[in-house]
Amino acid sequence: MSEELWFSNNYSDLSRQNGQDIGFEFEFRCMRCQDTWRSGFTPYKLGKASGWLRQASELASGATGRIGWDASNAAQNLSQAGWSHGRDAAFKKAIADAAGYFHRCAKCAQHVCGQCWNAQRGLCFNCAPDLASNVESARATGMVDAAVGSAREYGAGQAAQVDVSVQHQLSCPQCRAETHGAKFCPQCGFHLGAAVHCHSCSAVVPAGARFCPECGTTTLN
């Protein structure tokens, strides 16, 4: 029972109690990387025998009536009664076989596969991380952090060349297209830095205005 409890969280019962392939099979998984290992299929011999008996009794039921039906029902009950015992025996064997593929960590009590087992420390890699892989990971992280810092410093130097005092028109007052700070509209070629004058009264029209503030004439024409 204790062995079954050890594997209570990392196995699946793939046994089949009905159909042609009656038997037992279990799948165990590593609790670190989730890779799986299967015990292999073990036929349920009593189930097969009772199945043959049931088929024979059903064939004979046409001639013997109630006697054939009783024999078929008895065969089915016999198979079901022996299923639990057969399953327990198969599971114990599967656990014994799984011991060659899994290691139980003394610290976290999890079962892990050979790839997740630190043999030098006698613990799983979660409890005893691999030194070399962690050093390489830290080295890569340090390179990224340093590169990001250098990029920030370079960007700060480039920012000194940008005239932040110039006001940019982000949308063209003539066609309403986005300009992204360009000097000329990428859609209609309008000179964005030039003042816009009302075509009716020649007054200066503020950027983005739809009507002249002096005479009310629309600026969309």
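We number each residue from 1, following the sequence as shown.
Between the Arg16 side chain and the Asp21 main chain, a donor and an acceptor come within less than 3.5 Å of each other. A distance-only check finds a donor-acceptor pair linking the side chain of Asn10 to the backbone of Arg29 [under 3.5 Å]. Side chain of Ser39 to main chain of Phe26: a donor-acceptor pair is present (N/O by atom type, distance under 3.5 Å, no hydrogens or angles). A distance-only check finds no donor-acceptor pair linking the side chain of Ser137 to the backbone of Ser133 [under 3.5 Å].
Residues Thr217 and Ser200 come closest through the heavy atom pair OG1-CB, 3.5 Å. Here the closest non-hydrogen pair linking Leu123 and Cys127 is CB-CB, 4.3 Å. Residues Cys30 and Phe102 approach most closely at N-CE2, 3.6 Å, considering heavy atoms. Heavy-atom minimum distance, Cys172 versus Phe190: SG-CB, 3.9 Å.
Criterion: ILVMFWY side-chain heavy atoms under 4.5 Å apart, direct or through other members. Under it, Tyr101 and Phe28 are part of a common hydrophobic cluster. Using a 4.5 Å cut-off between side-chain heavy atoms of Ile, Leu, Val, Met, Phe, Trp and Tyr, with links allowed through other members, Trp37 and Val112 fall into different hydrophobic clusters.
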Test log, rule side chain to side chain contact (heavy atoms under 4.5 Å, CB included), inputs Leu14 and Arg38: CA-CA 9 Å; Leu14 306 180; Arg38 290 192 179 186; 3.6 Å; yes
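Heavy atoms of other residues, nucleotides or ligands lying less than 6.0 angstrom from CD of Gln158 number more than 12. Counting non-hydrogen atoms of other residues, nucleotides and ligands closer than 6.0 Å to CD of Gln120 gives a total of 12 or fewer.
Using a cutoff of 4.0 Å between basic side-chain nitrogens and carboxylate oxygens, Asp88 and Lys92 are not scored as salt-bridged.
Under the ring pair (Phe, Tyr, Trp, His ring centres under 6.0 Å) criterion, Phe24 pairs with Tyr44, Trp83, sequence neighbours left out.
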